Amino acid sequence: MEICEVKGCNQPGQRHHIVFRSQGGLDFKLNYKYLCPEHHTGNESPHKKKEIDLRYKREMQMELLALFFEDTYTLSQIIDLIGEDKKKLEKKFRKVPNVAGLYKREDIVRALMGDRTY
Ligand SMILES: [Zn+2]
Ligand SMILES: [Zn+2]
């Protein structure tokens, strides 16, 4: 059981996709945030308040930029670092620009954020 990640909340959490699946978000740990029902879909939640949604997305983007700190990565390195959903990552990265199989960190982060930046 995961606990709501909102500071001081401590209620049981539901899995939220920071980049929604409808926005191209994939299933991997950095795209998950555990939120109780109120913090997930209530008035002060990313599904109701644009600022909260954007804050979570920017935090995730910073975490991805910290994770991918080198200039370029191969697909297998990307898969190792993300650690999940190999098939979907392979499919996703077929459309991402690369030079001889090397992907730039900006392009990797952009792809993982749903083909845009925040
Ligand atoms: Zn959600
Ligand atoms: Zn909560």
Side-chain angles (χ1 to χ4, degrees):
M1 173 66 75
E2 304 279 349
I3 294 299
C4 178
E5 293 179 43
V6 174
K7 212 171 178 197
C9 180
N10 296 324
Q11 296 294 309
Q14 307 170 333
R15 179 184 284 176
H16 168 62
H17 284 74
I18 297 171
V19 178
F20 305 167
R21 276 168 293 192
S22 62
Q23 298 169 331
L26 299 181
D27 290 311
F28 62 100
K29 268 202 190 78
L30 280 181
N31 195 31
Y32 299 153
K33 196 169 185 80
Y34 290 89
L35 299 167
C36 69
E38 184 56 30
H39 287 129
H40 188 196
T41 54
N43 288 333
E44 297 295 317
S45 79
H47 289 284
K48 289 277 163 63
K49 274 212 171 137
K50 192 77 188 155
E51 315 90 270
I52 296 175
D53 179 36
L54 280 177
R55 171 153 46 90
Y56 290 168
K57 283 175 160 83
R58 288 186 187 125
E59 285 169 2
M60 175 185 168
Q61 188 170 270
M62 295 294 285
E63 286 176 38
L64 283 169
L65 286 166
L67 181 65
F68 291 97
F69 59 87
E70 299 200 65
D71 292 338
T72 59
Y73 291 84
T74 65
L75 183 54
S76 67
Q77 288 174 323
I78 296 166
I79 291 167
D80 282 350
L81 279 167
I82 292 300
E84 282 172 64
D85 215 354
K86 185 167 191 270
K87 284 242 164 64
K88 277 196 189 148
L89 283 171
E90 283 172 349
K91 187 166 178 244
K92 177 95 205 160
F93 277 85
R94 258 178 238 150
K95 291 169 211 147
V96 177
N98 66 88
V99 176
L102 286 176
Y103 297 84
K104 286 188 191 157
R105 71 191 285 254
E106 292 80 9
D107 292 332
I108 297 166
V109 172
R110 188 183 175 83
L112 294 171
M113 292 306 296
D115 299 316
R116 57 162 293 181
T117 51
Y118 288 91

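Note that ligands are numbered from 1 as they come in the structure, with each ligand's atoms numbered from 1 the same way. Fair warning: this is a prediction, and the values are worked out from it, not measured in the lab.
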Verdict with reasoning, K86 to E90, per salt bridge (charged side-chain N to carboxylate O under 4.0 Å, His left out) = CA-CA 6 Å; K86 185 167 191 270; E90 283 172 349; 3.3 Å; yes
Cation-pi, F68 ring and R105 (6.0 angstrom, 45 degrees) = no
Is there an N/O/S atom in C9 at a distance below 2.8 Å from the Zn ion (ligand 2)?
-> yes
H47 vs F20 aromatic rings, parallel, tilted or perpendicular, using cut-offs 30° and 60°?
-> parallel
2.8 Å cut-off met by an N, O or S atom of H17 to the Zn ion (ligand 1) = no
Using only N, O or S atoms, tell me which atom of H16 is closest to the Zn ion (ligand 1).
-> ND1
dist I108:CD1 -> I78:CD1 (nearest 0.5 Å) comes out at 4.0 Å
H39: its N/O/S atom lying closest to the Zn ion (ligand 2) (atom name) = ND1
